[in-house]
Amino acid sequence: MHPDELYPLVKLMLMAKRVEKKTSVWLSQPHWAFCYATLRKVSRSFALVIQQLPSDLRNVVCVYYLVLRALDTVEDDTSLAIEVRVPILRNFYCNFYDPQWHFSCGTKAFKALMDQFHHVSTAFLELDSNYQEVIKDITKRMGEGMAKFLCKEVETIDDYNEYSFYASGLCGLGLSKFFYVSGREDLAPESISISMGLFLQKISIIRDYLEDINDVPKCRMFWPRQIWSKYVNKLEDFKYEENSVKAVQCLNEMVTNALLYVEDCLTSMSSLRDPAIFQFCAIPQIINMGNLSMYYNNVEIFKGVVEMRRGLSAKIIDQTRTMADVYGAFYDFCCIMESKVDRDDPNATSTLKRLEAVLKTCRDSGTLNQRKSYTFSHQTSYNIPVLILFFFIMMAILLSTKKP
């Protein structure tokens, strides 16, 4: 259906193999071998962009990401009593200096991360002290915030903003400080850095509705009551077919809320100078903007997983180089979302207003004529036999990289 995505998809597979080879230099050091192997298991997409960072930042962000994933794992394990998780979260930052510390929770790769956390601690202690202080500060503040929301529900929009700040806004703030400490970027205003994290977090909360509501032994609810109570009496009611119209209306309000942060995100990315840091920040933002356009007005969110095609993700990773690419992608995805707005939706006016503000920012950049379209293909025909031959040639190259 999308043959133009075949080349970037295979190219991405080859890039992943090259990255894996590049990081094999650490295989002689068990802690770094563990960190990079675990990074690939707990987040394939972030692993790739992290490993493209300059060498001095690569290790820092790898450790930072694993620390925050470990914190997430403690928060998310509802099989553990709140009384057990709260002190672990609040004191998590203290464990970096204890090479014996570990805590068994989570499943699969996340359980391995927690069981062998001493490898992450060892790697942390090898980082420059300036980076250590940022990681420690962000972990302390995030742990406190997560502990707070284990003991209370997300009732109001202010609660929703506060929880999202702890869960991901702080992450964006920490990254901004790393870039500044490295000397590669100016220190961005805190509010702008936080918006980058808030945007990604709110999209994740929208995406994970079904997973969170079905979590056992106890469901988790991060959609704010102030929003969902306009439509149903209980948040889990959105799962049922008879409530699908109300469910989509609530979903659209959640998406509209997330759009508040887009202009800050564009401002933040436009200020970045280092090409590798720019790609590290821009690629997840574009992919998530694309996901948001898919979620809007889409009842499938309440039935299962909705996510961007891997081929389109690969195309974004392959083509994102400049702010013109970012403006073009955001413009395209906003146009898609705008075309899906139902004028009878109770939030239609607010949604269209926020979309138009983003579209205007993109148009005012003066770069739209330079953009590569991620969403609209202008080719009308493809030589299918040639594409198939190309695919098998690239797969042969890929497989050959596995040979000793």
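Just so it is clear, the structure is predicted and the values come from calculations on it, not from any experiment.
- Side chain of Lys140 to backbone of Phe92: no donor-acceptor contact under 3.5 angstrom is found.
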Solution key, residues 279-288 side-chain donor-acceptor pairs under 3.5 Å, sequence neighbours excluded:
residue : atom : partner : partner atom : Å
Gln279  : NE2  : Thr320  : O            : 3.0
Gln285  : NE2  : Met196  : O            : 3.3
Asn288  : ND2  : Pro284  : O            : 2.8

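- Annotation: side chain of Gln201 is not in contact with side chain of Leu198 (no heavy-atom distance under 4.5 Å).
- Side-chain atoms of Asp237 do not come within 3.5 Å of backbone N or O of Asn243 as any donor-acceptor pair.
- Remark: Arg343 CZ is loosely packed, at most 12 non-hydrogen atoms of other residues, nucleotides or ligands lying under 6.0 Å away.
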As a quick check of understanding, evaluate side chain to side chain contact (heavy atoms under 4.5 Å, CB included) for Phe222 and Asp212, giving each step before the final call. CA-CA 8 Å; Phe222 300 114; Asp212 289 341; 3.6 Å; yes

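- Closest heavy-atom contact between Cys334 and Leu359: CB-CD2, 3.6 Å.
- The shortest distance between side-chain heavy atoms of Tyr131 and Asp56 falls below 4.5 Å.
- With hydrogens and angles ignored, the 3.5 Å screen pairs a side-chain donor or acceptor of Arg321 with a backbone N or O of Asp318.
- Arg58 contributes a side-chain N or O that, together with a main-chain N or O of Leu53, makes up a donor-acceptor pair within less than 3.5 Å.
- In this structure, CG on Asn257 lies 10.0 Å from CG on Asn347, to the nearest 0.5 angstrom.
- Thr38 places a side-chain N or O within 3.5 Å of a backbone atom of Phe34 that can act as its donor or acceptor partner.
- For Tyr180, the OH atom sits in a loose shell: 12 or fewer heavy atoms of surrounding residues, nucleotides or ligands are nearer than 6.0 Å.
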List the steps, then state whether side chain to side chain contact (heavy atoms under 4.5 Å, CB included) holds for Val42 with Tyr65. CA-CA 10 Å; Val42 299; Tyr65 186 82; 4.0 Å; yes

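- Checked for salt-bridge contact, Lys136 and Glu133 meet the test: a charged N lies under 4.0 Å from a carboxylate O.
- Looking at Thr361, its side chain does come within 3.5 Å of a backbone N or O of Ala357 through a donor-acceptor pair.
- With rounding to the nearest 0.5 Å, the separation of CD in Glu83 from CG in Leu80 is 11.0 Å.
- The shortest side-chain heavy-atom distance between Ile88 and Asn95 does not fall under the 4.5 Å cut-off.
- Residues Val74 and Met146 are not in side-chain contact: their nearest non-hydrogen atoms beyond the backbone lie 4.5 Å or more apart.
- Once rounded to the nearest 0.5 Å, the distance linking CZ of Arg40 with SG of Cys62 reads 9.5 Å.
- Of the N and O atoms on the side chains of Tyr261 and Lys202, at least one donor lies less than 3.5 Å from an acceptor on the other residue.
- For the pair Tyr64/Ile138, a side-chain contact is recorded, criterion being any heavy-atom separation below 4.5 Å from C-beta on.
- Taking the six-membered ring wherever Trp is involved, the centroid distance between the rings of Tyr209 and Phe302 falls below 6.0 Å.
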Which atom pairs, donor and acceptor, lie under 3.5 Å between side-chain atoms of residues 245-255 and protein residues at least two apart or in another chain?
residue : atom : partner : partner atom : Å
Asn252  : OD1  : Asn297  : N            : 2.7
Asn252  : ND2  : Val248  : O            : 3.4
Asn252  : ND2  : Asn297  : OD1          : 3.0
Asn252  : ND2  : Asp345  : OD2          : 2.9
Glu253  : OE1  : Lys230  : NZ           : 3.4
Glu253  : OE1  : Tyr231  : OH           : 2.6
Glu253  : OE2  : Lys230  : NZ           : 2.7

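- Among pairs with a residue in residues 95-124, those fulfilling salt bridge (Lys or Arg N to Asp or Glu O under 4.0 Å) read Lys111-Asp115, at least two apart in sequence or across chains.
- Taking all atoms of both residues into account, the shortest heavy-atom contact from Ile194 to Phe165 is CD1-CE1, 3.6 Å.
- Residues Asp274 and Pro54 meet the side-chain proximity criterion, which asks for heavy atoms closer than 4.5 Å.
- Under the rule for a side chain to side chain contact (heavy atoms under 4.5 Å, CB included), the partners of Leu210 that lie at least two apart in sequence or sit in another chain are Ile213, Asn214, Lys239.
- The backbone N or O of Phe179 lies less than 3.5 Å from no partner atom in the side chain of Glu185, so there is not a single donor-acceptor pair.
- Using a 4.5 Å cut-off on side-chain heavy atoms (C-beta onward), Met289 and Leu259 make contact.
- Note: Leu170 CG to Ser164 OG = 11.0 Å, rounded to the nearest 0.5 Å.
- Between Lys303 and Glu300 there is a salt bridge, since a side-chain N of the basic residue sits under 4.0 Å from a carboxylate O of the acidic one.
- The heavy-atom pair separating Ile82 from Cys151 by the smallest distance is CG2-SG, 4.1 Å.
- Of all heavy-atom pairs between Ser195 and Cys265, the closest is O-SG, 3.9 Å.
- Across all their heavy atoms, Cys105 and Asp77 have their closest contact at CB-OD2, 3.2 Å.
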Report the C-alpha distance between Thr256 and Ser350 in whole Å, list the side-chain angles of each, state the deciding distance to 0.1 Å, and finish with yes or no for side chain to side chain donor-acceptor pair (under 3.5 Å). CA-CA 7 Å; Thr256 302; Ser350 296; over 6 Å; no

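- The existence of a salt bridge linking Arg310 and Glu5 is excluded, since no basic side-chain nitrogen approaches an acidic carboxylate oxygen closer than 4.0 Å.
- For the ring-ring contact (aromatic ring centres under 6.0 Å, His included) test, no residue two or more places apart in sequence or in another chain qualifies with Tyr166.
- Taking all atoms of both residues into account, the shortest heavy-atom contact from Arg207 to Val306 is CG-O, 4.3 Å.
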Would Arg363 and Tyr327 satisfy side chain to side chain contact (heavy atoms under 4.5 Å, CB included), going step by step from the backbone distance to the final call? CA-CA 8 Å; Arg363 285 193 296 265; Tyr327 285 125; over 6 Å; no

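- The closest side-chain heavy-atom distance from Val63 to Glu126 is not below 4.5 Å.
- Aromatic ring centres of Phe117 and Phe103: separated by at least 6.0 Å.
- Ring pair Tyr97/Phe124: centre-to-centre distance below 6.0 Å.
- Other residues, nucleotides and ligands contribute over 12 non-hydrogen atoms within 6.0 Å of the CD atom of Glu242.
- Within the structure, the salt bridge (Lys or Arg N to Asp or Glu O under 4.0 Å) test picks out the following pairs touching residues 60-75 (sequence neighbours left out): Arg69-Asp72.
- Asn233 CG: 12 or fewer foreign heavy atoms inside a 6.0 Å radius.
- A side-chain donor-acceptor contact under 3.5 Å links Ser339 to the backbone of Ile336.
- Remark: the backbone N or O of Cys171 is not paired with any side-chain donor or acceptor of Ser168 at under 3.5 angstrom.
- Among Leu66, Ile277, Leu175, Val49, the one residue that satisfies the side chain to side chain contact (heavy atoms under 4.5 Å, CB included) test with Val61 is Leu175.
- Between the side chain of Thr73 and the backbone N or O of Phe110 there is no donor-acceptor pair closer than 3.5 Å.
- Checked for salt-bridge contact, Lys152 and Asp159 meet the test: a charged N lies under 4.0 Å from a carboxylate O.
- Leu200 contributes atom CG, which lies 11.5 Å from atom CD1 of Ile205 (distance to the nearest 0.5 angstrom).
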